[in-house]
> 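Dropping the structure in here first, questions after.
Being a predicted model, the structure only gives us computed values, none of them experimental.
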Protein chains: 2
Amino acid sequence: MAKGKRAAAMAENRARLIRAARAAFATQGYADASMDELTAAVGLTRGALYHNFEDKKGLLWAVVEQIDGEMAERLRIVREQAPNPWLGLLAEGSAYIEMALEPEIQRIMLLDGPAVLGDPSKWPGENACLDITMRTIRALIEQGIVKPVDVEAAGRLLNGAALSAALWVAAADDPKNVLSKAVDAFRVLASGLLREAREPA
Amino acid sequence: MAKGKRAAAMAENRARLIRAARAAFATQGYADASMDELTAAVGLTRGALYHNFEDKKGLLWAVVEQIDGEMAERLRIVREQAPNPWLGLLAEGSAYIEMALEPEIQRIMLLDGPAVLGDPSKWPGENACLDITMRTIRALIEQGIVKPVDVEAAGRLLNGAALSAALWVAAADDPKNVLSKAVDAFRVLASGLLREAREPA
DNA sequence: CCCCTTGACATACGCCTCGTATGTGAGCGA
DNA sequence: TCGCTCACATACGAGGCGTATGTCAAGGGG
């Protein structure tokens, strides 16, 4: 039981730093987040940071990977609960839009992440959200519900549309009203993928 | 003739600083661009910068406004050259995607801009690109070509899809091939807006 | 013609932050 | 028990931003 005492403590501290970083990055933004304050908030110093992570960017990488995994899991659940694949795709889109309303996701994943770490399509973990969308589209094409479009292209554009919608909703004075408009528009655009003009039951 | 000698020189210096900032921000990114180097590159010092602009962010604001205006003008020309409004909308989308391939636009307008200045939908100049797209959609709805969707919602999602496509193309190893896939997918999504399943001649 | 004000810019300074190099004390093997 | 290792703290240097202060040309009044 006294086996990995050091390692366990280190993992605990890593987790604490990541938790603090999520909060700091989300509220102050990456650039304005001070590593001194961040580490002190969990009773450590910058020494711990640069021992556990490569640098400030490395900490952001860790945060992004964690959030990315959480988002993918949530999207997976939403899709599996839908009555059919097509509605699953639409539900994914809505869920994505709603997730992007959360300040943490918006700030870290959609604003600072791309600016600091570069294009999300090159992130390791392959941007799990996109991966799920693509899988759904592929399945719909195989079932003949969706036109035989390029899967990656369609997935990326759909995600982009949802993201844009989310940012719009997030910045709106009247989020509820705007949210419904955004979801409607998303469905209209997505319907362009359908082989038949009418949606499947 | 010797009337506004001071003012003219100042305008000239302002323009030079903005030009230098466009280059520096595009190549190094906003955060890594040193104001000392930037001003020295045009034979000035930071004193001139903080006299002409509020601060580093203020310089970015000026750069963003300038680029935004240029993009709007280019989009306007593309739209006007199209044979009909619907093709104009598609051409705008393609043009937008292609513009986002330019490192300057990509880095400043799509990455650092939103991260530093906040959501683009709140930028003054109203994000002229979006404005044009919305006007086109409104006209198409009035002509009965496009479904009566919410104009702003449709415009924002279309722009978002195009933006996402652009980032994808920009980061691709094989830009040419990916570009055509992206444009195809954009047209498929846009076709969801059509009242009739088939495109107008 | 001189002086004085104004404004555009340069210079100098303080503060903060990041990254690294060095110190230190607890844990684990021999 | 001795000593090595490693996780972390401390100390230091470099650089960047923003501001306060200095300076010199341009223009107006006497």
> Go through the steps for B:Glu73 and B:Arg79 under the test salt bridge (charged side-chain N to carboxylate O under 4.0 Å, His left out), then give the verdict.
CA-CA 10 Å; B:Glu73 177 62 13; B:Arg79 184 191 39 152; over 6 Å; no
> For A:Arg14 and D:dC6, what is the distance between atoms CZ and C1' respectively, to the nearest whole Å?
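Those two atoms, CZ and C1', are 16 Å apart.
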> Take atom CE of A:Met35 and atom P of C:dC18, then tell me their distance rounded to the nearest Å.
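Taking atom P of C:dC18 as the reference, CE of A:Met35 is at 5 Å.
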> What closest approach, in Å, do A:Leu179 and A:Val169 show between heavy atoms, and which atom pair accounts for it?
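Minimum heavy-atom separation between A:Leu179 and A:Val169: CA-CG2, 3.8 Å.
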> Does B:Arg156 pair with B:Glu152 as a salt bridge, N-O distance under 4.0 Å?
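Looking at B:Glu152 together with B:Arg156, the answer is yes, because their closest N to O distance falls below 4.0 Å.
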> Would you say CD of B:Glu70 has more than 12 non-hydrogen atoms from neighbouring residues, nucleotides or ligands within 6.0 angstrom?
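Counting other residues, nucleotides and ligands, CD of B:Glu70 exceeds 12 neighbours.
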> Using whole Å, what does the distance between atom C1' of nucleotide D:dA25 and atom CG of B:Asn13 come to?
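For the pair B:Asn13 CG and D:dA25 C1', the rounded distance is 14 Å.
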> Among residues 36-61 of chain A, which residues get a heavy atom nearer than 4.0 Å to DNA chain D?
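DNA chain D contact set from residues 36-61 of chain A: A:Gly43, A:Leu44, A:Thr45, A:Arg46, A:Gly47, A:Ala48, A:His51, A:Asn52.
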> So what does B:Ala31 hit on the nucleic acid, given a heavy-atom distance under 4.0 Å: a base, only sugar-phosphate, or nothing?
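B:Ala31: no heavy atom of the nucleic acid under 4.0 Å.
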> Can you list every pair that meets salt bridge (Lys or Arg N to Asp or Glu O under 4.0 Å) and has a residue in residues 167-178 of chain A, with sequence neighbours left out?
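Pairs touching residues 167-178 of chain A that pass the test: A:Asp173-B:Lys122.
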> If the threshold is 4.0 Å, N to carboxylate O, is there a salt bridge linking A:Arg135 and A:Glu142?
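Result for this pair is no, no salt bridge flagged.
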> Tell me the interatomic distance from A:Glu12, atom CD, to D:dA7, atom P, rounded to whole angstroms.
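Atom CD in A:Glu12 sits about 15 Å away from atom P in D:dA7.
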> For B:Tyr30 and D:dG16, what is the distance between atoms OH and P respectively, to the nearest whole Å?
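Whole-Å distance recorded here is 14 Å.
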